[in-house]
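Inspection log for the structure reproduced underneath, given as structure tokens.
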Amino acid sequence: MPYADHTFDATIVIDSAPEKIWTLLVDVAAWPSWDSGIIAARGAADKVGAKLSVTSGAAPKTAFAVKVTKLDPRKELVIVGGAPFGLFKGVRTFTLTPEGKGTRFTMHEVYSGPLLGAIWKQIPDLDPSFQQFANGLKAQAEARG
């Protein structure tokens with residue numbers, strides 16, 4: 001896999017239907033209400049081209065601007081952010097896959113670009129915050145039934 005050492009991941013099985021999880025996932029502005037690792041978020045990931053802004057506890061002084069580049073309702077959401085001209089790019093994919101009576105949720109981000117080497121050294125380990133997001137999504141989805 002290209003950039004295998006330049007990725008972060010989280011996976012969890014949620015006891016809820018993909019439709020219910022999808023509703024939570026695309027309501028980006030509500031993410032801080034169920035993920036304490038997100039300080040602020042704006043926007044809705046409800047269409048390709050939608051612009052979003054997310055500030056996380058991992059980088060509390062930076063609001064990351066991202067754009068929805070792919071949307072397959074109840075299955076896959078892809079958001080992309082980074083530096084101009086593709087100098088650095090992060091592609092985050094959220095995937096919902098039916099599994100038994102629940103749904104497997106996967107969040108995967110791949111980083112690339114000519115400035116990757118320099119920027120990668122400054123990025124903290126985001127696996128714990130990815131897992132926190134997955135755990136929060138699970139708790140919120142399962143609480144809603």
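Starting from 1, each residue takes its place in the sequence as its number.
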L115 CG to L87 CG distance, which is reported to the nearest 0.5 Å: 4.5 Å
Check: P98 and P18 side chains under 4.5 Å, non-hydrogen atoms: yes
Which residues share a salt bridge (Lys or Arg N to Asp or Glu O under 4.0 Å) with E99, sequence neighbours left out: R104
Residue pair T55 / T62, side-chain heavy-atom distance below 4.5 Å: no
Same apolar cluster: F64 and I123, side chain cutoff 4.5 Å: no
Euclidean distance, D127 CG relative to D9 CG, rounded to 0.5 Å: 6.5 Å
Minimal non-hydrogen separation, A141 against I14, with atom names: CB-CG2, 3.8 Å
Residues that A10 engages under side chain to side chain contact (heavy atoms under 4.5 Å, CB included), provided they are two or more places apart: F130, Q131, A134
Salt bridge (Lys or Arg N to Asp or Glu O under 4.0 Å) pairs, two or more places apart, involving residues 109-124: R92-E109
Identify every side-chain donor-acceptor pair in residues 28-54 under 3.5 Å, counting partners at least two apart or on other chains, and give the distances.
{"unit_1": "W31", "atom_1": "NE1", "unit_2": "L25", "atom_2": "O", "d": "3.0"}
{"unit_1": "S33", "atom_1": "OG", "unit_2": "A30", "atom_2": "O", "d": "2.6"}
{"unit_1": "D35", "atom_1": "OD1", "unit_2": "G37", "atom_2": "N", "d": "2.8"}
{"unit_1": "D35", "atom_1": "OD1", "unit_2": "Q132", "atom_2": "NE2", "d": "3.0"}
{"unit_1": "S36", "atom_1": "OG", "unit_2": "Q132", "atom_2": "NE2", "d": "2.9"}

Spacing of L96 atom CG and E19 atom CD [to the nearest 0.5 Å]: 9.5 Å
Residue pair D15 / V13, side-chain heavy-atom distance below 4.5 Å: no
NZ on K89 to OH on Y111, rounded to 0.5 Å: 13.0 Å
Inter-residue atom distance F133.CZ - F94.CZ, 0.5 Å rounding: 4.5 Å
CZ on F8 to CE on M107, rounded to 0.5 Å: 10.5 Å
When the side chains of residues 70-85 are checked against the rest of the protein, which donor-acceptor pairs come out under 3.5 Å, sequence neighbours left out?
{"unit_1": "K70", "atom_1": "NZ", "unit_2": "E76", "atom_2": "OE1", "d": "2.7"}

Beyond-backbone contact of F105 with T95, side-chain heavy atoms, under 4.5 angstrom: no
Sequence neighbours excluded, every pair satisfying salt bridge (Lys or Arg N to Asp or Glu O under 4.0 Å) that has a member inside residues 133-142: K138-E142
